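Below: one structure, written as structure tokens.
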Amino acid sequence: MWPDRRILDLFGIEHPILQAPMAGAQGSALAIAVSDAGGLGSLPCALLSGEQVRNELQVIRQRTDKPFNVNFFCHQPPAADAAREARWIERLAAYRSELGVDRPTVPGGRAPFNEEMCALVEEFRPRVVSFHFGLPEKALLDRVKRAGSRVIASATTVEEARWLEAHGVDAVIAQGAEAGGHRGMFLSEDIASQPGTFALAPQVVDAVRVPVIAAGGIGDGRGIVAALALGAAGVQIGTAYLLTPESTISAIYRAALKSAREDQTVLTNVFTGRPARGLVNRMIRELGPISGEAAAFPNAANATLPLRMKAEAAGSGDFTSLWSGQAPRFAREMPAGELTRELADAALKRLRAIT
Ligand SMILES: Cc1cc2nc3c(=O)[nH]c(=O)nc-3n(C[C@H](O)[C@H](O)[C@H](O)COP(=O)(O)O)c2cc1C
């Protein structure tokens, strides 16, 4: 039995394991598999249109009656800065000529949580809604809560955790520096001072009353038990699920992850304009890892996407964001439901052995 039932009761789940929402790397299939296994599956919506979100939610509703989480970005869209965007596009000119790619023209991408998405939450009423990069404006947040969804969001510092609690979240995800993908930071931009999971989680536990979910570098029973010992009520796990058959990452990404080591990830802003942890590749080596020239999030991605598509078509991951946390060795090639049950069993066995 799990010693701490707070998030089990809050979310109506069997194991305190949240599958991290991973935009661009998964859809409903992974969420369904994890929720069916007793964890909390997540549907990332940051890269989906309203119609795609609706379709995915319908699939989840048809295939499982278990609780699940729906995840959104809620960044402040950057002020228009045509000169900066033009400079970034120019910076990539040599790569475009090397690959034979046209100058990018496509604007937009990654809209923050908005009226349309909020209406979908109200229609489907998921048990949990999670946010990355802070919280949406109060009117939208109130509507999510009135729809009956529990609200959670990522904090990368104690200050962010306190801010989230003061703005009404039901639980805080303490995202340590080890975590793969975008840092959920929203009160600070300083990645150099970001604490790791082991330091962050217990300090957040001490600072807030709501349950804390630890994220970053957790990928096996030992990590889960360690997080619980630090006072977390649950864990959010991303990278460990990336090699499951339900993950939708490309063959190139899969191959890179399979041989990845713990010392091969960095925080970089060259793909999207915001710091995110991924495996080092050519684009990071030559432009980053942190570039002062990258256009603001999410606009930097518009300029890099055509390079990525062309390179991938030729079998190269040189321009692909290969998001990964610092524990890529825990990524397992097994069905996500089985992985969820194995993680839970391993943690429970270890808990019994030490108590
Ligand atoms: C491929 C990938 C994509 C991610 N996309 C999102 C996302 O869309 N929304 C979000 O809240 N977090 C996202 N994250 C961050 C996770 O929520 C979580 O913090 C992280 O996966 C935990 O660290 P781990 O990967 O070491 O388990 C992503 C992580 C990865 C690896």
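Worth saying up front: this structure is predicted, and the values here are computed from it rather than measured. Values below: every heavy atom of this structure, side chains too, minus hydrogens, waters and symmetry copies. One-based numbering, in listed order, for ligands and for the atoms of each.
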Check: F297 ring centre within less than 6.0 Å of H75 ring centre: yes

Would you confirm whether the ring centroid of F133 sits within less than 6.0 angstrom of the ring centroid of F186? no

Where ligand 1 meets I237 - atom numbers and elements under 4.0 angstrom, heavy-atom basis: 27 (O)

With heavy-atom distances below 4.0 Å as the criterion, list the atoms of ligand 1 near G325. 26 (O)

Over 60° means perpendicular and under 30° means parallel, so tell me whether H182 and W323 are parallel, tilted or perpendicular. perpendicular

Below 30° counts as parallel, above 60° as perpendicular, anything between as tilted: where do the rings of H167 and W163 land? parallel

With respect to [X], determine whether any N or O atom, backbone or side chain, lies less than 3.5 Å from an N or O atom of ligand 1.
X    : result
S324 : no
Y253 : no
Q326 : no
H182 : no
T239 : yes

Measure the distances from the heavy atoms of [X] to every atom of ligand 1 and state whether one is below 4.0 angstrom.
X    : result
A327 : no
P21  : yes
F73  : yes
G217 : yes

Using modelled atom types and a 3.5 Å cut-off, is there a donor and acceptor pairing between side-chain atoms of N281 and backbone atoms of G317? yes

Can a donor-acceptor pair be found, under 3.5 Å and without considering hydrogens, that links the side chain of T244 to the backbone of A336? no

How far is [atom] from the closest protein heavy atom, and which atom is that?
atom                    : result
atom 9 (N) of ligand 1  : N71 OD1, 2.8 Å
atom 17 (O) of ligand 1 : Q236 NE2, 3.0 Å
atom 4 (C) of ligand 1  : M22 CA, 3.4 Å
atom 15 (C) of ligand 1 : G180 O, 3.3 Å

Quick one: closest heavy-atom pair of L243 and K258, and the distance? CD1-CG, 3.8 Å

Which segment of Q175 sits under 4.0 Å of ligand 1 when only heavy atoms are counted: side chain

Ignoring hydrogens, just give me the one of [options] whose non-hydrogen atom is nearest [atom].
atom                    : options         : value
atom 8 (O) of ligand 1  : A23, A174, G184 : A23
atom 22 (C) of ligand 1 : G216, A20, G223 : G216
atom 21 (O) of ligand 1 : G238, A25, G278 : G238

For F131, what residues pass the ring-ring contact (aromatic ring centres under 6.0 Å, His included) criterion, not counting sequence neighbours? F113

Candidates L351, L343, L348 - the one meeting side-chain contact (heavy atoms from CB on, under 4.5 Å) with I224: L343

Nearest 0.5 Å, what's the OG-CD distance between S188 and Q194? 5.5 Å

Which residues share a salt bridge (Lys or Arg N to Asp or Glu O under 4.0 Å) with E338, sequence neighbours left out: none

